[in-house]
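Since the structure comes first, as structure tokens, the remarks are kept for the end.
Atom set for the values below is all heavy atoms of this structure, side chains included, hydrogens, waters and symmetry mates excluded. Throughout, numbering of the chain's residues begins at 1 and tracks the sequence. Order of listing sets the numbers, starting from 1, for every ligand and every atom in it.
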Amino acid sequence: MIFITGDTHGDFTRFNTKNFPEQREMTKDDFVIICGDFGGIWDPKEESKREKHDLDGLEERPFTLLFVDGNHDNFDRLNEYPEKEWKGGRVHEIRPHILHLMRGQVFEIDRKTIFTFGGAASHDITGGILEMSDPNFRKKRKQLEDDWIPYRVNHVSWWEQEMPSEAEMETGRKNLKDHNNAVDFIITHCCASGTQATFGRGILKPDPATEYLEYIRNTVSFRKWFFGHYHDNINVSEKEILIYEQKIRVS
Ligand SMILES: [Fe+2]
């Protein structure tokens, strides 16, 4: 089995037995994939007690948990986990059965080919990105908080790696080409510019990540495309599905 769900942001109650009774029939050869903003690796420097407890709890679940990265994941720490080859693509191993599916990879999972590409531009940064080393950091932060303006702090709650690099984009193009530009599923955090325009009410602007995914959308044949990021559940088209707290079984 493969289930797909949207952003979890460090809240894993949707995977408890009450909310996800299907797991009673699942084994470690069954999979749940999160479309970014996993949030299980967020705290600074190392696994905090709370994070360790959550990750160990997820590892004990009867299924294997997979995720692409979003824009609310601690990239400094995520990239420190051991990297390995798994089912045809590259992963970071968080736990033996909790794996980060890296960008631009094509996996073969449960006899389905899946292209993965995490990352997205943050929208909740109208107050800007603050630097801890800025002598005026506290003053600026207080002002933004008093004015209720969203902001983030570099290497604490925002990482430049939220946006894909040219190398990651090229890896994706190459791996897709090796699969004749055809996969069963595409799993990303944000979506293609054209897709975003259909539900973005003119507020969401294209950026290098959505433009890359627009290229993918026009180049690659796929059965279904699942993405998170926009915190809603919408069947944007017959093939493109914005998913949040729902879980959809695809295999
Ligand atoms: Fe999110």
Side-chain angles (χ1 to χ4, degrees), residues 3-15 19-20 32-44 48 50-51 54-55 58 65-79 92 94 98-103 116-130 144 148-164 168 185-193 195-201 203-213 224-236 240-248:
F3 284 85
I4 297 179
T5 189
D7 304 20
T8 44
H9 291 281
D11 176 358
F12 305 114
T13 48
R14 82 183 64 165
F15 301 130
N19 293 333
F20 189 36
V32 175
I33 310 178
I34 300 169
C35 296
D37 282 2
F38 169 57
I41 298 156
W42 177 258
D43 293 338
S48 62
R50 182 189 57 84
E51 270 186 6
D54 284 349
L55 292 168
L58 289 169
L65 185 64
L66 309 171
F67 66 97
V68 300
D69 51 274
N71 57 308
H72 292 146
D73 289 304
N74 184 333
F75 286 98
D76 291 336
R77 284 189 45 221
L78 190 53
N79 293 328
H92 284 114
I94 313 303
I98 304 176
L99 304 173
H100 166 227
L101 308 174
M102 293 175 70
R103 295 175 184 170
T116 56
F117 205 89
S122 288
H123 297 138
D124 51 356
I125 52 169
T126 38
I129 308 296
L130 303 188
L144 289 164
W148 290 76
I149 300 172
Y151 67 94
R152 296 216 163 233
V153 181
N154 198 11
H155 293 291
V156 175
S157 54
W158 183 87
W159 294 264
E160 66 176 349
Q161 299 98 312
E162 68 175 24
M163 290 302 279
E168 289 166 336
F185 302 120
I186 295 179
I187 310 254
T188 58
H189 189 50
C190 62
C191 65
S193 301
T195 312
Q196 195 178 245
T198 62
F199 64 88
R201 299 186 301 273
I203 301 162
L204 301 167
K205 304 287 178 226
D207 60 58
T210 65
E211 289 292 82
Y212 174 70
L213 295 178
K224 297 280 181 199
W225 183 329
F226 295 90
F227 58 97
H229 190 39
Y230 308 92
H231 296 187
D232 209 341
N233 299 289
I234 304 173
N235 287 353
V236 182
E240 294 165 289
I241 296 154
L242 164 58
I243 187 165
Y244 192 17
E245 66 287 275
Q246 292 184 351
K247 296 173 213 84
I248 298 177

On a heavy-atom basis, the closest approach of Q246 and T5 is O-OG1, 2.7 Å
What residues, two or more places apart in sequence or in another chain, satisfy salt bridge (Lys or Arg N to Asp or Glu O under 4.0 Å) together with [X]?
X	result
E162	none
D232	none
D124	R152

Check ion pair D43-R77 (N to O, under 4.0 angstrom): no
Just by distance, with hydrogens left out, do N233 and E245 show a side-chain donor and acceptor under 3.5 Å apart? yes
Sorted by chain and number, protein N/O/S atoms nearer to the Fe ion (ligand 1) than 2.8 Å are D7 OD2, H9 NE2, D37 OD2, H231 NE2
